[in-house]
Amino acid sequence: STDYSVIFTKDLQKMKVFFYVFKRIMSLYEPELSNYLNSSGINYNFFLPPWFITLFTGSHQHHCKDEDDNTNLIIKILDNFIIYGWTSMMEFSCAVLHLYESYIMNMKYDEVMQFLINDILKSDFFGIKNKDNIIKACSFYKIKKKLVKNIEAEYMENLKMKEEII
C-alpha cells in the first residue's frame with residue numbers, strides 16, 4: 001500500500017495515486033455524481049488539493065462567530081485524520097460531495113469549480129447547524145484499507161501497462 005505520510009514528493013506520484021483512489025471510491029459510492037463530474041470535465045485534482053492541504057480548516061474563518069462556531073466539527077475532522085489517516089479525509093470528502101450532489105449536478109463546469117474550490121468553505125455546509133448531517137453522511141462511507149490497497153494495485157497495474165505500451 002502507498003505510504004501517504006509524504007504525499008508532496010517532487011514527481012507527485014503519491015498524489016496521483018491518491019487522486020486515483022479517491023476517484024475510484026467516488027465511482028463506487030456515488031456513481032451518478034462521479035459520472036456527472038467526469039462528463040463535465042471536472043478533474044478531482046483541481047479541487048482536492050485545497051481541501052486536503054488545509055484539512056477543511058479554511059472553513060473555520062467563515063464560521064467562527066458565536067452563533068455559528070464550527071470549532072467542534074473541525075476538531076472532529078482533525079481527530080479523525082490523526083487517528084485514521086487519509087482514508088478519513090476521503091470519507092469526509094465523499095460526504096461533502098454526497099450532501100451537495102443535487103446542487104452540484106445542476107451547475108455548469110465553471111460554477112462547479114468555483115463552488116468546490118472556493119464557495120463551499122464559505123457555505124453553510126460547515127456551519128454548526130449542519131454538524132449532525134455531516135457526521136451522519138460520513139458514517140455511510142467506511143473506506144476499508146483493503147479497498148484502498150486493491151485500488152492502488154489497480155493503479156499500479158494500469159501504470160505498468162501504459163509503460164509497456166510506450
Side-chain angles (χ1 to χ4, degrees), residues 1-9 11-56 59 73 76-109 111-117 119-121 123 125-126 130-165:
S1 122
T2 301
D3 173 17
Y4 291 118
S5 63
V6 180
I7 287 187
F8 301 103
T9 59
D11 65 356
L12 297 176
Q13 187 59 39
K14 290 180 185 180
M15 190 72 119
K16 292 173 188 173
V17 175
F18 189 79
F19 291 148
Y20 182 86
V21 169
F22 185 81
K23 185 176 180 176
R24 288 285 290 123
I25 286 171
M26 278 295 296
S27 71
L28 296 171
Y29 282 97
E30 296 291 339
E32 286 182 41
L33 180 57
S34 177
N35 287 336
Y36 179 78
L37 292 173
N38 291 334
S39 67
S40 298
I42 305 295
N43 194 324
Y44 290 90
N45 63 358
F46 291 158
F47 65 89
L48 287 179
W51 288 13
F52 294 151
I53 290 169
T54 65
L55 304 177
F56 295 98
S59 70
L73 176 60
K76 182 161 182 58
I77 293 168
L78 294 174
D79 281 350
N80 283 342
F81 175 69
I82 290 167
I83 294 167
Y84 303 108
W86 286 103
T87 57
S88 72
M89 291 309 296
M90 288 185 198
E91 292 167 355
F92 186 79
S93 299
C94 286
V96 169
L97 291 169
H98 170 75
L99 289 171
Y100 274 107
E101 179 174 6
S102 61
Y103 185 68
I104 290 169
M105 289 180 67
N106 285 305
M107 296 175 154
K108 294 183 172 132
Y109 174 87
E111 296 169 319
V112 173
M113 293 306 298
Q114 175 67 30
F115 179 71
L116 293 176
I117 293 172
D119 298 344
I120 196 164
L121 294 178
S123 74
F125 178 80
F126 288 96
N130 207 21
K131 179 182 172 192
D132 293 336
N133 290 337
I134 295 169
I135 292 169
K136 183 179 176 184
C138 285
S139 68
F140 175 75
Y141 304 96
K142 292 298 174 202
I143 300 169
K144 304 287 185 201
K145 289 184 180 189
K146 183 174 182 174
L147 174 62
V148 172
K149 285 181 181 181
N150 289 341
I151 295 172
E152 288 171 350
E154 174 185 291
Y155 175 85
M156 298 311 285
E157 185 63 32
N158 290 341
L159 188 62
K160 184 179 171 183
M161 287 175 30
K162 283 181 186 176
E163 289 173 355
E164 288 174 1
I165 292 171

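We count residues from 1, following the sequence as given. Side-chain atoms are counted along with the backbone in the values below, which use heavy atoms only and exclude waters and symmetry mates. Values in this document were obtained by computation on a predicted structure and should not be read as measured data.
The two residues Phe22 and Cys94 come nearest to each other via the heavy atoms CE1-SG, 3.8 Å. The shortest heavy-atom contact between Gly85 and Ser88 is O-OG, 2.7 Å.
With contacts defined as side-chain heavy-atom distances shorter than 4.5 Å, the pair Glu101/Leu97 does not qualify. The shortest side-chain heavy-atom distance between Phe140 and Glu91 does not fall under the 4.5 Å cut-off. Residues Tyr29 and His98 fail the side-chain proximity criterion, which asks for heavy atoms closer than 4.5 Å. Side-chain contact between Val21 and Leu147 is absent, with no heavy atoms from C-beta onward closer than 4.5 Å. With contacts defined as side-chain heavy-atom distances shorter than 4.5 Å, the pair Asn43/Phe46 qualifies. Side-chain contact between Leu116 and Val96: absent, with no pair of heavy atoms (C-beta onward) separated by less than 4.5 Å.
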What side-chain donor-acceptor pairs closer than 3.5 Å can you find for residues 31-38, not counting sequence neighbours?
{"residue": "Asn35", "atom": "ND2", "partner": "Pro31", "partner atom": "O", "Å": "3.2"}
{"residue": "Tyr36", "atom": "OH", "partner": "Met107", "partner atom": "O", "Å": "2.2"}
{"residue": "Asn38", "atom": "ND2", "partner": "Ser34", "partner atom": "O", "Å": "3.1"}

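Remark: Phe18 CZ to Glu152 CD distance equals 10.0 Å, nearest 0.5 Å. Atom CG of Asn150 is separated from atom NZ of Lys145 by 14.5 Å, given to the nearest 0.5 angstrom. From Lys23, atom NZ reaches atom CG of Asn45 across 9.0 Å, with rounding to the nearest 0.5 Å. Here the straight-line distance linking atom NZ of Lys142 with atom OG1 of Thr87 works out to 9.0 Å at 0.5 Å rounding. Lys144 contributes atom NZ, which lies 12.5 Å from atom CD1 of Ile25 (distance to the nearest 0.5 angstrom).
For Ser27 (side chain) and Arg24 (main-chain N/O), a donor-acceptor pair under 3.5 Å exists by modelled atom type. Between the Glu163 side chain and the Lys160 main chain, no donor and acceptor come within less than 3.5 Å of each other.
Residues that satisfy the side-chain hydrogen bond (donor to acceptor under 3.5 Å, both in side chains) test with Ser40, not counting sequence neighbours, are absent from this structure. By the side chain to side chain contact (heavy atoms under 4.5 Å, CB included) test, Asp79 pairs with Ile75, sequence neighbours left out.
With hydrogens and angles left out, the side-chain atoms of Glu30 and Tyr141 include a donor and acceptor closer than 3.5 Å.
Two rings, from Phe19 and Tyr44, have their centers 6.0 Å or more apart. A distance below 6.0 Å separates the ring centres of Tyr100 and Phe115.
Open room surrounds OH on Tyr84; 12 or fewer heavy atoms of other groups in view lie less than 6.0 Å from it.
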